Amino acid sequence: MVGSANGATDLSSEMEVDAFRRLFPLRFHERHLLESVRPDARSLGKARETSLALGAVASADGSALAKIGCTTMLAAIKMEVMTPSKEAPDEGCVAIDFHMPPICSPIVRPGRPAEAAPVVSKHSGMIDLKELSLVSGKAAWMAYLDIYCLDADGALFDAALLAAAAAFSHLQIPVVSLNDDGRIVVVSKENGEKAKNKPVNEEKRKLKLRSIPFALTCILHKNYILADPTAEEESIMDTLITIVLDTSCQLVSLYKPGGPALAYESVLQDCIALSRQRVKELQKILNEAILDMDVD
Amino acid sequence: MAAKGGAAPATYSPSPTTFKKKRPPIFTDVDWVRPDGRDFHQCRPAFLRTGAVNAASGSAYAEFGNTKVIVSIFGPRESKKAMMYSDTGRLNCNVTYTTFATPVRGQASSDNKEISSQLHKSLEGAIMLDTFPKTTVDVFALVLESGGCDLPVVISCASLALADAGIMMFDLVAAVSVSCLGKNLVIDPVSEEENYQDGSLMITCLPSRNEVTQLTITGEWSSPKIHEAMELCLDACSKLGKIMRSCLKESASTSQE
């Protein structure tokens with residue numbers, strides 16, 4: 001830990017670091033920022049270690065567990081069948097739910113909606129809904145994507161989006177056929193009797209993802225930019241900015257929900273530059289996770 | 001979000017969900033094989049880890065076959081404002097399921113109250129509530145995947161998490177259940193076996209004190225069967241207790257280094 005207790009005259013000089021951290025959190029952090037380092041020994045623009053595991057949930061059609069530092073997100077997709085609407089007869093649907101179960105953070109209690117629950121935005125054209133069609137006008141896939149926060153330690157949106165994108169990369173669409181009652185049923189290998197109904201989606205087992213969005217959340221505090229904040233940093237310095245870029249580094253979304261610090265154009269440019277680097281890292285992590293899965 | 005808005009179209013799962021009402025005759029035979037190939041009196045391999053959730057005061061992850069559970073402990077912390085003064089601590093338990101825990105999406109969300117209260121009953125006898133007066137310890141469990149025996153796994157995992165949080169207990173709580181299927185008793189049943197069971201018996205106990213905190217019996221049982229099942233459960237509980245203890249020791253020794 002950096003010598004944070006050398007503010008010469010006052011109380012803080014004779015206090016232990018942990019006590020100082022709890023009593024004067026803002027000064028504790030600002031003292032670090034002066035030295036261009038953060039309490040967890042990261043430099044300001046560096047994100048935490050990130051890992052990804054595909055296929056974490058056996059009962060789902062596609063799933064992924066994403067960890068950014070201690071923040072853990074579990075995303076799983078279940079495919080169900082629906083009748084498409086008249087307006088879009090050959091399109092399926094994606095329904096996204098974000099959950100903050102009480103296990104993930106001391107501030108969430110059961111029965112109360114989670115305050116910090118980020119809404120994972122509609123997928124920026126990542127998925128072509130037409131690919132989810134089964135029988136035009138009759139049946140299409142409804143992809144239920146549920147994201148659970150298992151451990152909340154800041155940058156929830158980034159982790160949720162990463163888990164969601166990875167779950168879609170892992171998704172294996174079951175082979176189904178139309179039975180005589182007009183219902184869609186799974187073709188199982190062992191019952192040969194169902195083989196008389198031809199599978200309707202044999203060649204469409206995987207979704208083609210057009211471009212995958214990746215997010216980076218930064219804290220703006222005075223003239224500092226802190227990438228990928230922890231929950232402690234988020235609670236002390238509360239101006240956040242979330243930038244979502246796609247794989248070709250095009251800007252998908254930029255979200256700054258108020259806060260006392262104002263963002264100048266140059267600050268935004270800097271944040272976007274940080275996000276560009278982060279997208280490369282995340283893309284590498286995702287590709288490695290997909291390769292690992294193919295090997296198994 | 002647009003996908004969810006308006007009248008959400010009714011959907012159905014394409015997998016053959018309505019399992020046959022009649023149980024396959026195989027379960028009544030004397031020498032059938034369990035779906036996962038275990039012996040009747042053999043438990044699933046247990047994987048236990050403490051410290052799964054960093055934001056909590058204590059936590060544990062348990063995986064028994066396909067049953068996967070996370071439990072977080074928060075507190076002891078201030079009780080809710082509306083609570084009366086109490087010179088013993090309070091225990092607040094809550095169990096939730098993920099929507100993808102069951103084969104059909106969102107199937108197991110209705111009976112959480114029942115499971116939560118059973119979790120409470122089996123833990124309260126083991127915890128020294130008078131060590132944290134006026135405050136509440138929250139025990140939150142999330143069933144990531146339900147593969148049978150959810151409640152016993154949640155209970156064992158919760159007691160491990162309580163130990164990880166440093167809450168004073170008389171002993172760890174180990175829970176095991178047994179299903180009665182025709183003539184046979186099967187220990188640590190999977191979901192498929194639970195669906196066809198005639199009766200079930202669950203014991204939660206303090207293995208090193210040989211005390212039972214909760215015993216639930218449902219369904220059809222004869223007294224010699226109950227005897228046999230209890231013997232089986234208690235034996236398995238003491239083995240599970242040892243595994244839990246070694247898991248705690250392991251995490252304590254790694255954190256010291």
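Chain letters run A, B, ... following the sequence lines, proteins first and then strands; every chain starts at 1. Because the structure is predicted, anything quoted here is derived from the model rather than measured. What you see below is based on every heavy atom in this structure, not just the backbone, and it leaves out hydrogens, waters and symmetry mates.
A/P102 places a side-chain heavy atom less than 4.5 Å from the side chain of B/N94. Side-chain contact between A/D146 and B/T98: absent, with no pair of heavy atoms (C-beta onward) separated by less than 4.5 Å. A heavy-atom distance below 4.5 Å is found between the side chains of A/Y148 and B/F100. Using a 4.5 Å heavy-atom cutoff, the side chains of A/L150 and B/I70 are in contact.
Of the residues considered (B/S72, B/S146, B/A52), B/S72 shows the highest number of contacts with chain A, using heavy-atom pairs under 4.5 Å. Chain B forms the most heavy-atom pairs under 4.5 Å with one residue out of A/A76, A/P106, A/P101, A/C70, and that residue is A/P106. In terms of non-hydrogen atom pairs under 4.5 Å with chain B, the most contact-rich of A/C104, A/A60, A/S85, A/S105 is A/S105.
Using a distance-only test at 3.5 Å, with no hydrogens or angles considered, a donor-acceptor pair links the side chain of A/D151 to the main chain of B/A55. Side chain of A/K78 to backbone of B/P103: a donor-acceptor contact under 3.5 angstrom is found. The backbone N or O of A/A58 sits less than 3.5 Å from a side-chain atom of B/E145, completing a donor-acceptor pair.
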| said: Let's go through A/V81 and B/T11 carefully: what are the C-alpha distance in whole Å and the side-chain angles of both, what is the deciding distance for side-chain contact (heavy atoms from CB on, under 4.5 Å) to 0.1 Å, and is it a yes or a no? | reply: CA-CA 5 Å; A/V81 180; B/T11 59; over 6 Å; no
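Interface remark: A/A139 contributes no atoms to any contact with chain B (heavy atom separation under 4.5 Å). Contacts between A/S59 and chain B at a heavy-atom distance below 4.5 Å involve backbone atoms as well as side-chain atoms.
For A/Y255, the OH atom is loosely surrounded, since the number of other residues' heavy atoms within 6.0 Å does not exceed 12. More than 12 heavy atoms of other shown residues, nucleotides or ligands fall within 6.0 angstrom of atom CE in B/M128.
Between the CD1 atom of A/I103 and the OG1 atom of B/T96 there is a distance of 7.0 Å, given to the nearest 0.5 Å.
Ion pairing between a basic and an acidic side chain is recognised when a charged N comes within 4.0 Å of a carboxylate O; A/D61 and B/R105 show no such pairing.
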